[in-house]
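Have a look at the structure below before the remarks.
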Amino acid sequence: MEKLSKQEEEAMQAVWQCGSGFIKDFLDQLEEPKPPYTTLASTIKNLERKEFLKSEKMGNSLRYIPTIQEEEYKKRFMSGFVSDYFQNSYKDLVTFFANEKKISASELQEIIKLIEKQ
């Protein structure tokens with residue numbers, strides 16, 4: 001899966017929030033400062049080219065639909081992230097965050113409980 005830029009990820013977040021829609025719908029979902037309409041339109045076209053979106057003609061407009069759901073993207077992104085930066089070791093990932101004091105002992109206990117329930 002091709003990696004998305006920050007701008008593309010923000011656009012996909014807006015698409016996922018809408019479920020499907022038109023560029024104006026996605027623009028409404030974005031936080032201030034909003035990009036110009038034409039910038040968002042270019043980003044949406046790039047996402048369609050990368051096959052993250054598909055479009056269907058509705059009158060004179062295009063309605064965009066995600067081809068990948070947010071959870072699936074997260075899974076693929078995190079797998080690549082852990083592979084690229086932590087040699088496929090989730091233990092090393094958690095150790096990194098613990099050493100950086102980005103995760104507390106109580107949060108680690110919650111994670112352990114979640115794992116034990118599996």
- prompt: Is the NZ atom of Lys113 crowded by more than 12 outside heavy atoms at less than 6.0 Å?
  reply: no

task: Give a yes or no on whether Met58 and Leu40 share a hydrophobic cluster (residues Ile, Leu, Val, Met, Phe, Trp, Tyr; joining criterion: side-chain heavy atoms under 4.5 Å apart).
output: no

field: Smallest separation among heavy atoms of Leu47 and Ala11, with atom names
entry: CD1-CB, 3.9 Å

In one Ile/Leu/Val/Met/Phe/Trp/Tyr side-chain cluster, 4.5 Å: Ile115, Phe86: yes

Approximate separation, where rounding is to 0.5 Å, of Asn46 CG and Gln7 CD: 8.5 Å

statement: Of all heavy-atom pairs linking Val82 and Ser89, the shortest is CG1-N, 3.8 Å

query: Are Ile68 and Val15 in one and the same hydrophobic cluster, where Ile, Leu, Val, Met, Phe, Trp and Tyr link if side-chain heavy atoms are under 4.5 Å apart?
result: yes

message: Please give me the minimum heavy-atom distance between Trp16 and Gln69, naming the atom from each residue.
response: NE1-C, 3.8 Å

message: Just verifying a value: how many Å separate Lys75 NZ and Glu70 CD, rounded to the nearest 0.5 Å?
response: 12.5 Å

field: Plane angle bin for Tyr73 and Phe52 - parallel if under 30°, tilted between 30 and 60°, otherwise perpendicular
entry: perpendicular

query: So, does Ser83 use its side chain to make a donor-acceptor pair with the main chain of Ser79 at under 3.5 Å?
result: no

- prompt: Between atom CD of Glu56 and atom CG of Leu62, what is the distance when rounded to the nearest 0.5 Å?
  reply: 9.5 Å

- prompt: Side chains of Lys45 and Tyr64: closer than 4.5 Å at any heavy-atom pair?
  reply: yes

Least distance between heavy atoms, Gly19 atom then Pro66 atom: O-CD, 3.0 Å

message: So which atom in Ala14 and which in Phe26 form the shortest heavy-atom distance, rounded to 0.1 Å?
response: CB-O, 3.6 Å

message: Can you tell me if Glu31 has over 12 outside heavy atoms packed within less than 6.0 Å of its CD?
response: no

Non-hydrogen atoms of Glu8 and Lys3 that approach each other most closely: OE1-O, 4.2 Å

- request: Look at the aromatic rings of Tyr85 and Phe81 and report parallel, tilted or perpendicular, splitting at 30° and 60°.
  value: tilted

- prompt: Does a side-chain heavy-atom distance below 4.5 Å link Asp28 with Lys24?
  reply: yes

- prompt: Just by modelled atom types, is the Glu51 backbone N or O under 3.5 Å from a matching donor or acceptor in the Thr67 side chain?
  reply: yes

Tyr90 vs Leu93 side-chain heavy atoms within contact, under 4.5 Å: yes

query: How far does OG of Ser104 sit from CZ of Phe97, to the nearest 0.5 angstrom?
result: 13.5 Å

query: Considering residues, nucleotides and ligands other than Lys50, do more than 12 of their heavy atoms fall under 6.0 Å from its NZ?
result: yes

message: Nearest 0.5 angstrom please: Ile44 CD1 to Leu27 CG, how far?
response: 10.0 Å

task: Could you check if a side-chain atom of Ile111 sits within less than 4.5 angstrom of a side-chain atom of Ile103, using non-hydrogen atoms only?
output: yes

message: Working to the nearest 0.5 angstrom, can you tell me the gap between Glu72 CD and Arg76 CZ?
response: 4.5 Å

- prompt: Any side-chain heavy atom of Met12 within less than 4.5 Å of one from Leu53?
  reply: yes

